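In each ligand, atom 1 is the first atom listed, and ligand 1 is the first ligand listed. This structure is a prediction, so every number in the text was calculated from the model and none was measured.
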Amino acid sequence: MALCANHNSVYVALHISLIHSLFSFFYLTSPVAGIGSSAGSASGLITSYDVLYYTGVRAYFSEEWEKAAELLEKSMSTREALFRTRRQCHKECVPAGYDRLPKLDTEKGNVWDLWAVDWVQRRAECVRFCLGRAVTPAGQLPVSADIEYEFSTRNPYNFLQVVYWKLGKVQKAASAAHTFFVANPSHLEMRNNIEKYRRMEGVTEDAFQDREMETEKHWALYDSALTSEASSDWTHAVEKWMECVNETLRQTDECRAQCEVASQRLPENRGEDGMDGVFEKAAALSLSLLSCQQACVTQVATRPGRISAQEDFLPTQLEHLHIAQFKAGDLGGAVRSLRSLLLFYPSDKDSLSNLELYTETLGGDTEAHGTKPSQEIARYVSRSLQEKKLLYFGMENLNFNFTDPDLWTPEEVVPELLRDTWRAEKEVLNEKLKAGEKEVEMDDSGFYAGGPVPQVGVTISMDDNSLNGTNRVVLDGVLDQKECNTVLRLATAAASAGDGYRGRRSPHTPHEKFEGLTVLRAVKLAQDGMVNQSDAKLLHEMGERVRTLLHSYFRSPSGLHFSYTHLVCRSAITGDQEGRLDLSHPVHVDNCLLEPETRQCWREPPAFTHRDLSAVLYLNDDFDGGELFFTDRDAKTVTARVKPTCGRLVGFSSGPVNPHGVTAVTAGRRCALALWFTKEKHHRDMEREEAESLWAADGQSVMKGGEVKEEGRDGTAAPARSGRSGSQSSRSRGRGRVTGGKDEL
Ligand SMILES: O=C(O)CCC(=O)C(=O)O
Ligand SMILES: [Fe+3]
């Protein structure tokens, strides 16, 4: 029975309508009928995994769970088998095949062009034979980018999680959920599901293994090396960094093999009907191949679920490695790794002086210690340089586009024209830095802090200047103590009512409990007599107050609509506070996904992209910690701090100029009303309108917004809705590449 209850409470993380619409965009390069019939082919040849996936998802939507599980699993194993076969064929045909090629029976050098054609032909024949043995013709066709994207974001596991759940296979469901979550760490519903799976009978710890671990092994090694470093376990760190370098090289080779053996498309306008002659076409195709191989650097250096690669991935590992070797007392190893690093950056001052230091420590004679750079790295660098030379030539002379994945590319390899552009960009950046030392962040929200504050007794305690940023404000006196007490009482009453005020572990930290109440929930609890009507109304009215104040202070160019309002209490879990280093709310930006490594903020789901203005109205100060702080885009440099207290309102534009977080609440309970506003009416919070219409139905008046109501409600009835979770969940879907927590649970 307990298991059943748990089952019912798992929130299914798939949002069918969205997936459905996404799915209608897929286009399959393999003909469905032909492949459909060969999908279960008796010949044992590898078929096309896109069709298997497609039919698996169709089965999912027809709720044929057994069939969906089988097809989805098969699509993944088929894809893996195809990749493995390609790697195998690549190995078979290069380099062994390369050596075995019989030379043309002509005088050396005379007909080198025929020699090259001969070489290409033989490799083609070898690969063709090799692949033909294992893969059906349709299985060799390129797969559409949409489906590849699905696989790269691990979405098949999102489907599988539901499918296994429906089949009652909780262990497998948990494993699919975990594997999906690794690449989508900001997917809140999946996080909730995982928590529930953990508590479920029949689910063991083994379920929480990443099923894709094999292809991402270098990240596990990378993280383990960093952990060893942090605990000064240098011997272990050396071991892990070495493994990580080797694994990175191996993954890169495997990725490159796919470029060569999988079919390559000619770049646009270079197709069969283009004006290009044979040589231009051949050049375009080989440039495509090289560019695909170079792109492997980016692919391997991108963590699952992230958009951006870790810059300088291999050199960074070598840097860590030589330091770890030095600390572990392996000086010879340190010199070898440093010399490997110098192949990337031959004139780097720090590396050269480190080399000097190591050499001196070794008594001057490093050669005697066999400290040449690693052969694999030397080969890697020289091959990459050759490829870049060809690619830049193509870029300069053959109208080919190439994005260099590396920072270490020496200037002399880059065409003069491009170098000039780069230099100009660098100079602008330097000028900027010199001018203010600090980048002036531009906010394109249209808000302009500094307007009047239209409420008696409210004062501006901190502005852009004292908060060290753009479009930020702290106002005091927005609530009086009595009002704070009323809302705190509401929070407590709702908590004991259990229902709407879901007390549970914080989504951001295991050391805190997190409770949240929306206006609609408060109204419903009031209707059920669980809380006072007037308290619920006050919660609603406070929102109006905040909207009026911020609309005026930020001189909003248009009306502000409520996007979401949430009374949130965070309580320290007693006895679980020792040595806490985490935050109550990790650094984040409210309307985009912050990537501190690149200082980029991606305005895409699962971020709440339509939010324009954020506000937090604090209710108490009888707790420890819990300070709100703003940071630079690096998510580290703190630019301002705000200590909560009753009636204090913080307002800020929700965009990338305002990364923020909350320090750990280490004792007591911190309550605040969090509000977000949008300039777009169609994104307004329908739940709030539902609450208002409930009051209206009861014949009660609702205090609505004052002067900012010029764009207010237009009399259209709020559409019926089944509750917040539906709309929330569809917005939360998508690629997860956020660092830091998200709000609103
Ligand atoms: O509670 C706070 O001070 C800030 C919370 C926050 O940043 C959020 O919920 O997005
Ligand atoms: Fe926030």
Novice: Determine, considering heavy atoms only, which of Glu627, His585, Arg670, His588 sits nearest to atom 1 (O) of ligand 1.
Specialist: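 Shortest heavy-atom distance from atom 1 (O) of ligand 1: Arg670.
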Novice: Just give me the atom name: the N, O or S atom of Asp590 closest to the Fe ion (ligand 2).
Specialist: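 Answer by atom name: OD1.
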Novice: Quick one: report the N, O or S atom of His588 that is nearest to the Fe ion (ligand 2).
Specialist: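 Looking only at N, O and S atoms of His588, the one nearest the Fe ion (ligand 2) is named NE2.
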Novice: Pick from Leu479, Leu617, Leu673, Thr565: which one makes a side-chain contact (heavy atoms from CB on, under 4.5 Å) with Val546?
Specialist: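 Considering Leu479, Leu617, Leu673, Thr565, a side-chain contact (heavy atoms from CB on, under 4.5 Å) with Val546 is found only for Leu617.
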Novice: Report the residue from Val616, Leu467, Leu649 that forms a side-chain contact (heavy atoms from CB on, under 4.5 Å) with Val474.
Specialist: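 Single pass found, and it is Leu467.
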Novice: Report, in ascending order of atom number, the atoms of ligand 1 lying under 4.0 Å from any heavy atom of Leu628.
Specialist: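 Counting atoms of ligand 1 from 1, those under 4.0 Å from Leu628 are 3 (O), 4 (C).
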Novice: Mind telling me whether His683 and His610 have parallel, tilted or perpendicular rings, with 30° and 60° as the class edges?
Specialist: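 It falls in the parallel class, under 30°.
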Novice: Hey, would you say the Phe652 and His660 ring centroids sit under 6.0 Å apart?
Specialist: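 Judged by ring-centre distance (under 6.0 Å), Phe652 and His660 do meet the cut-off.
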Novice: Heavy-atom contacts under 4.0 Å between Asp590 and ligand 1: side chain, backbone, both, or neither?
Specialist: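 The side chain, only.
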Novice: Any idea which atoms of ligand 1 are less than 4.0 Å away from a heavy-atom of Trp676?
Specialist: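 Result: 8 (C), 9 (O), 10 (O).
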Novice: Any N/O/S atom, backbone or side chain, of His585 lying under 2.8 Å from the Fe ion (ligand 2)?
Specialist: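 His585 does not place any N, O or S atom closer than 2.8 Å to the Fe ion (ligand 2).
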Novice: Any atoms of ligand 1 less than 4.0 Å from a non-hydrogen atom of Tyr618? List them with their elements.
Specialist: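 Near Tyr618, the atoms of ligand 1 are 2 (C), 3 (O).
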Novice: Do you see a donor-acceptor pair shorter than 3.5 Å between the side chains of Thr486 and Asp535?
Specialist: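 Not at all, the side chains of Thr486 and Asp535 share no donor-acceptor pair under 3.5 Å.
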Novice: If we set the cut-off at 4.0 Å for heavy atoms, which region of Phe629 has an atom near ligand 1: side chain, backbone, both, or neither?
Specialist: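 Answer for Phe629: neither.
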Novice: Check for a donor-acceptor pair, side chain of Arg570 on one end and backbone N or O of Lys513 on the other, with a separation under 3.5 Å.
Specialist: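 No.
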Novice: Non-hydrogen atoms of Arg570 versus ligand 1: any pair closer than 4.0 Å?
Specialist: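 Distance cut 4.0 Å: Arg570 passes for ligand 1.
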Novice: Angle class for the Phe677/Phe562 ring planes (parallel below 30°, perpendicular above 60°, tilted otherwise)?
Specialist: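 The arrangement is tilted - the two ring planes meet at 30° to 60°.
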